[in-house]
Amino acid sequence: MAEQKATPLLKDELDIVIPTIRNLDFLEMWRPFFEPYHLIIVQDGDPSKVIKVPEGFDYELYNRNDINRILGPKASCISFKDSACRCFGYMVSKKKYIYTIDDDCFVAKDPTGKDINALEQHIKNLLSPSTPHFFNTLYDPYREGADFVRGYPFSMREGSSTAVSHGLWLNIPDYDAPTQLVKPRERNTRYVDAVLTIPKGTLFPMCGMNLGFNRDLIGPAMYFGLMGDGQPIGRYDDMWAGWCTKVICDHLNLGIKTGLPYIWHSKASNPFVNLKKEYKGIYWQEDIIPFFQAVKLPKECTTVQQCYLELAKEVKAKLSEIDPYFTKLADAMVTWIEAWDELNPTGPGASSAAPAAAK
Ligand SMILES: O=c1ccn([C@@H]2O[C@H](COP(=O)(O)OP(=O)(O)O[C@H]3O[C@@H](CO)[C@H](O)[C@H]3O)[C@@H](O)[C@H]2O)c(=O)[nH]1
Ligand SMILES: [Mn+2]
């Protein structure tokens, strides 16, 4: 009897979100891993351009006209001419999990030469707990062939739910422009076979290139901040989302993992263009990071939306002195939540009812 093919993990519970200004030929390499899943393609730039999607993929495609039609005035919170537009895909999805990937990321090979199914590894990361409260020195204890080491409290071995799985990149690393300029030929050839939980209380630079998350647990915090057309900075969209997400994950006792899987990042974007986009962010972040490190969310904030709106208030109050951009960003954060709740009144990530009034 022909061997039954296993149903791909989370086949009907996960959407793949791709921001693009190019054609999507890269999907051919991913076909064995991605074809069973539904794609949400967010077409950036000129909406009259036709983006060809290879045959056989199940997808929905949104261009700027669609975003404006669906969100109306709230479309102002979705960036234009920047990969940050991808977060629109998170909002319109109806699934529990999201995987987002850039269209210049290809299938990498592990040290044995085997193609890496990045999606499968992200799913494993997301379906197993994290250990944000106590560091396991043998890395992810829930992986095959690993466990908690001696001295790890048994009362803490249940771990926390995993909200985010942050993958890495072989070949072109996600460096900032100054680093790219001084090391134009540096390539990442180091394959580290590890998955780590980022400890509670520690921020990290989240790259949106190869990222999975549980939309039900943390979706509303995954707003890729206002970048691109008409904005003073770029290439800080994923960083912004990562800092907001980590603060909220810490508050809600959720975990974030980084490490495997690797993808092969093929295209180095222009470092001079990147420097123009990044330069303000490079010195603003010296104030932004202490801000996020100091944030204390009230215990009454028990949903992601409530945490996020509290964060937006703090951003407006404490970062606007850096630049008026942060007032605009704080307002866009509120608009994002309003739009999210409008599109997801009861679906995954829906803001649960406000905390029950005190008895
Ligand atoms: O205006 C744009 C430009 C690009 N895109 C799509 O976004 C991704 C990333 O684009 P690209 O690979 O050209 O840029 P990188 O510098 O390598 O991207 C890194 O910077 C981060 C964004 O700030 C990103 O997460 C990193 O990967 C591609 O799919 C482009 O098609 C776009 O939608 N709009
Ligand atoms: Mn790229």
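Remember, it's 1-based here, ligands and their atoms both numbered in the order they're listed.
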**Near ligand 1, at a heavy-atom separation below 4.0 Å: residues by chain and residue number** =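 If the criterion is a heavy atom under 4.0 Å, then ligand 1 touches P19, T20, I21, R22, D44, K81, D82, S83, C85, R86, D102, D103, D104, G208, M209, R235, D237, D238, H265, K267, S269.
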Tracing side-chain contacts under 4.5 Å among Ile, Leu, Val, Met, Phe, Trp and Tyr outward from Y139 reaches F135, L196
Point to revise | Connected-component partners of Y152 among ILVMFWY, side-chain separation under 4.5 Å | key: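 Noted: Y152 shares its cluster with F134, Y142, F148, M156.
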Looking at D104, which of its N, O or S atoms is the nearest one to the Mn ion (ligand 2)?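 Nearest N/O/S atom: OD2.
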Check: Is there a donor-acceptor contact under 3.5 Å from the side chain of K49 to the main chain of I21?
Finding: yes
Notebook entry, point to check: Do we see a donor-acceptor contact under 3.5 Å between the side chains of S160 and S130?
Noted result: no
Applying salt bridge (Lys or Arg N to Asp or Glu O under 4.0 Å) to D193 and not counting sequence neighbours gives R143
At a threshold of 2.8 Å, where the distance has to be below it, does the Mn ion (ligand 2) have an N, O or S atom of H265 nearby?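 Checking the Mn ion (ligand 2) against H265, an N, O or S atom does fall under 2.8 Å.
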ring-ring contact (aromatic ring centres under 6.0 Å, His included) test vs H166 passes for just one of F204, Y99, Y262, namely F204
Y283 vs Y279 aromatic rings, parallel, tilted or perpendicular, using cut-offs 30° and 60°?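 Geometry flag for Y279 against Y283: tilted rings.
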